[in-house]
2 protein chains.
Amino acid sequence: MSAKRVLTDRASALPALAEAFREHGFEGASLAILSKATGLGKGSLYNFFPGGKEEMMAAVLDNIDGWFADAIFTPLEQARDPATAVNGMFDDVTAYFRSGQRVCLVGALGLNSAGSAFTTKVKGYFTRWIAALARCLESGGVAPALAANLAEDAVSGIQGAIVLARAVGEEASFLRIVARHRAALLEALGHHE
Amino acid sequence: MSAKRVLTDRASALPALAEAFREHGFEGASLAILSKATGLGKGSLYNFFPGGKEEMMAAVLDNIDGWFADAIFTPLEQARDPATAVNGMFDDVTAYFRSGQRVCLVGALGLNSAGSAFTTKVKGYFTRWIAALARCLESGGVAPALAANLAEDAVSGIQGAIVLARAVGEEASFLRIVARHRAALLEALGHHE
DNA sequence: GCCTTTGTGTACCTATTGGTACAATATTGT
DNA sequence: ACAATATTGTACCAATAGGTACACAAAGGC
């Protein structure tokens with residue numbers, strides 16, 4: 001049962017690691033911070049993640065990607081009712097990003113050179129999100145070209161809303177911006193159902 | 001003439017400092033990096049910026065804010081022709097952010113806790129940008145509430161476009177997203193001229 | 001030409017960085 | 001119970017972090 005145990009503890013450390021990376025960035029999250037955040041000593045940390053910080057971040061990214069795949073991407077891709085799926089996406093995303101107060105780790109990684117080791121994962125996350133949303137819109141009768149534009153606008157718009165909401169320090173701006181994106185997608189779906 | 005000399009050299013170091021901070025973030029930009037980027041030794045750096053990295057970043061932010069005030073905010077606020085001013089803003093912003101490949105230092109600062117010392121400047125930058133754009137739209141006949149929404153969408157949308165364009169590594173997505181924001185603003189102006 | 005101010009390189013400081021080694025301690029299957 | 005394995009804390013390491021001190025070099029003004 002040892003292998004399972006390792007996986008379990010490693011997995012249970014991921015949320016704390018993710019929050020620490022979100023808060024301080026990849027470079028700013030020192031081992032001392034990560035140790036305090038997880039409650040694990042350096043020995044345990046390097047036992048679970050022999051590759052050090054880089055492996056920790058990689059595991060965190062995989063974890064995030066898995067969550068989004070289950071909660072966001074797959075529901076969009078297999079939506080029976082596109083409007084309901086779009087509404088669900090916005091609800092989940094708003095909760096996940098804590099109304100814009102919580103940084104999107106994947107997006108933030110792309111901004112500085114510290115995240116250059118993870119470009120493939122970062123790129124995949126965004127392309128899959130946009131593709132899933134576009135497919136959902138298409139399945140609701142939206143023309144492919146328009147669907148691609150709307151999906152790109154929505155996903156990048158959510159990222160921008162996070163940046164702005166954190167910059168001005170108010171959730172309200174995130175909620176306003178995201179609500180307008182939601183309305184735009186629903187309106188596009190409404191015209192073709 | 002010494003005072004002028006100091007100011008001159010200090011100012012001439014700001015672009016290189018800004019690029020280094022953009023590239024590596026505040027924490028990631030070590031003094032060694034900053035020294036190499038500016039061509040100045042540690043002695044000179046601390047002569048010009050006795051407050052260390054924090055003062056360097058503060059000076060860089062003031063410099064950026066000054067540039068935006070001159071090139072973006074003021075033209076928007078005093079626009080004689082709103083549509084021309086909006087077009088000018090998008091042209092200048094696209095050039096400044098290098099079609100989304102160049103990070104917005106102000107936006108990035110708001111994302112991690114390292115930038116918490118600069119929250120006032122970060123917040124001021126965004127609120128002034130949005131207010132200037134909204135005023136420009138209003139002066140073109142757009143209703144105040146709509147103008148505020150459109151301005152918020154455009155500014156946050158530009159930030160999101162930078163995040164996405166860097167994440168997927170292609171300028172094209174930045175250009176597409178920004179073009180749609182430009183069109184939305186021009187259309188709103190067009191309906192009221 | 002001198003004297004003060006401004007600029008610069010180098011040496012140095014302590015604290016912390018990411019990472020390793022390893023002994024001690026659970027925990028495990030058998 | 002016992003041997004193997006997994007986990008953990010501690011000590012340690014070289015490298016680098018940001019920052020200071022200071023001797024020295026330009027460059028002024030007069």
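Residue numbers start from 1 in every chain, and the chains themselves are labelled A, B, ... in the order their sequence lines are given, proteins ahead of strands. Since this is a predicted model, take the numbers as computed values, not measurements.
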Residue list, side chain to side chain contact (heavy atoms under 4.5 Å, CB included) with A:Thr84, at least two apart or on another chain =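 Once residues adjacent in sequence are excluded, the partners of A:Thr84 under the side chain to side chain contact (heavy atoms under 4.5 Å, CB included) criterion are A:Asp81.
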Results of salt bridge (Lys or Arg N to Asp or Glu O under 4.0 Å) for B:Asp62 - residues two or more places apart only =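 B:Asp62 satisfies salt bridge (Lys or Arg N to Asp or Glu O under 4.0 Å) with B:Lys121 only.
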Can you name the salt bridge (Lys or Arg N to Asp or Glu O under 4.0 Å) partners of B:Glu55, sequence neighbours left out?
->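 With neighbours one apart ignored, the set is B:Arg10.
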Applying side chain to side chain donor-acceptor pair (under 3.5 Å), which residue pairs with at least one partner in residues 124-146 of chain B are found, sequence neighbours left out?
->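 Counting only pairs at least two positions apart or across chains, the side chain to side chain donor-acceptor pair (under 3.5 Å) contacts touching residues 124-146 of chain B are B:Glu77-B:Arg128.
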Scan for side chain to side chain donor-acceptor pair (under 3.5 Å) pairs involving residues 162-182 of chain B, sequence neighbours excluded, and state none if there are none.
->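 As it turns out, the side chain to side chain donor-acceptor pair (under 3.5 Å) pairs with a partner in residues 162-182 of chain B, which skip direct neighbours, are A:Asn149-B:Arg180, A:Glu152-B:Arg176, A:Glu152-B:Arg180, A:Asp153-B:Arg180, B:Asn87-B:Arg182, B:Asp91-B:Arg182.
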Any chance you could list the contact pattern along nucleotides 9-18 of chain C? Use B for base contacts, S for sugar-phosphate-only contacts and - for none, protein heavy atoms under 4.0 Å, 5' to 3'.
-> B-------SB
Over how many whole Å does the gap from [X] atom [atom1] to [N] atom [atom2] extend?
| X | N | atom1 | atom2 | answer |
| --- | --- | --- | --- | --- |
| B:Phe48 | D:dG19 | CZ | P | 17 Å |
| B:Glu54 | D:dG18 | CD | C1' | 12 Å |
| B:Leu45 | D:dA21 | CG | P | 17 Å |

Please state whether the phosphate of D:dT8, meaning OP1 or OP2, lies under 4.0 angstrom from any side-chain nitrogen or oxygen of A:Asn47.
->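 Indeed not, no polar side-chain atom of A:Asn47 lies that close.
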Answer yes if the ring centres of A:Tyr96 and A:Phe68 are under 6.0 angstrom apart, and no otherwise.
->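 Centroid distance A:Tyr96-A:Phe68: below 6.0 Å, so yes.
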